[in-house]
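One structure is given here, and the rest of the page talks about it.
These numbers were taken from a predicted model, which means no experiment stands behind them.
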Amino acid sequence: MKLREIAHSRTGDKGNISNISVIAYDEKDYPLLLDQVTSARVKAHFAGVVEGEVARYELPKLFALNFVMDRALGGGVTRSLALDAHGKSLSSALLDLEIDAVPNKL
């Protein structure tokens with residue numbers, strides 16, 4: 001299934017950094033986010049767009065994850081000619097990430 005089926009997102013951008021929060025609609029789905037929406041998967045999902053590091057922060061009381069993506073906006077919003085590469089568009093693209101409906105058993 002697509003991530004958008006169990007979560008929504010909020011975004012922000014400053015300079016060449018994009019910040020995307022992924023928030024579960026229902027707390028029962030938060031373990032899926034923790035298990036499957038990793039920094040590595042987000043970086044791979046944005047291959048060719050995000051050139052820097054992707055840091056993940058967990059917000060368990062909000063059932064959310066926050067991703068800070070460095071060098072993600074083609075030099076920055078005011079320097080980039082790519083209108084589709086900014087925060088809101090990136091969050092929509094992230095919600096297209098494919099996830100399994102059941103958390104992986106480690």
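- One finds the NZ atom of K2 at 11.0 Å from the CD1 atom of I99 (value rounded to the nearest 0.5 Å).
- Every residue was checked against the side chain to side chain donor-acceptor pair (under 3.5 Å) condition with D26, not counting sequence neighbours, and none meets it.
- Within the structure, salt bridge (charged side-chain N to carboxylate O under 4.0 Å, His left out) contacts touching residues 40-55 (residues at least two apart or in different chains) are E51-R71.
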Contacts table for residues 60-70: side-chain donor-acceptor under 3.5 angstrom, sequence neighbours left out:
from: N66; atom 1: OD1; to: S21; atom 2: OG; distance (Å): 3.0
from: N66; atom 1: ND2; to: N19; atom 2: OD1; distance (Å): 3.4

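- For E58, the salt bridge (charged side-chain N to carboxylate O under 4.0 Å, His left out) partners are R56, not counting sequence neighbours.
- Checked against salt bridge (charged side-chain N to carboxylate O under 4.0 Å, His left out), R4 has the following partners two or more places apart in sequence or in another chain: D96.
- Residues I6 and I23 fall into different hydrophobic clusters, defined by Ile, Leu, Val, Met, Phe, Trp and Tyr side chains chained together at heavy-atom separations under 4.5 Å.
- Remark: F46 CZ to L97 CG distance equals 8.5 Å, nearest 0.5 Å.
- Taking each heavy atom of A7 and L33 in turn, the nearest pair found is CB-CD2, 4.3 Å.
- Under the ring pair (Phe, Tyr, Trp, His ring centres under 6.0 Å) criterion, the residue pairs touching residues 2-27 are H8-Y25, with sequence neighbours excluded.
- Using a 4.5 Å heavy-atom threshold, the side chains of L3 and H45 count as separate.
- Both L94 and M1 are assigned to one and the same hydrophobic cluster, defined by single-linkage of ILVMFWY side chains at heavy-atom distances under 4.5 Å.
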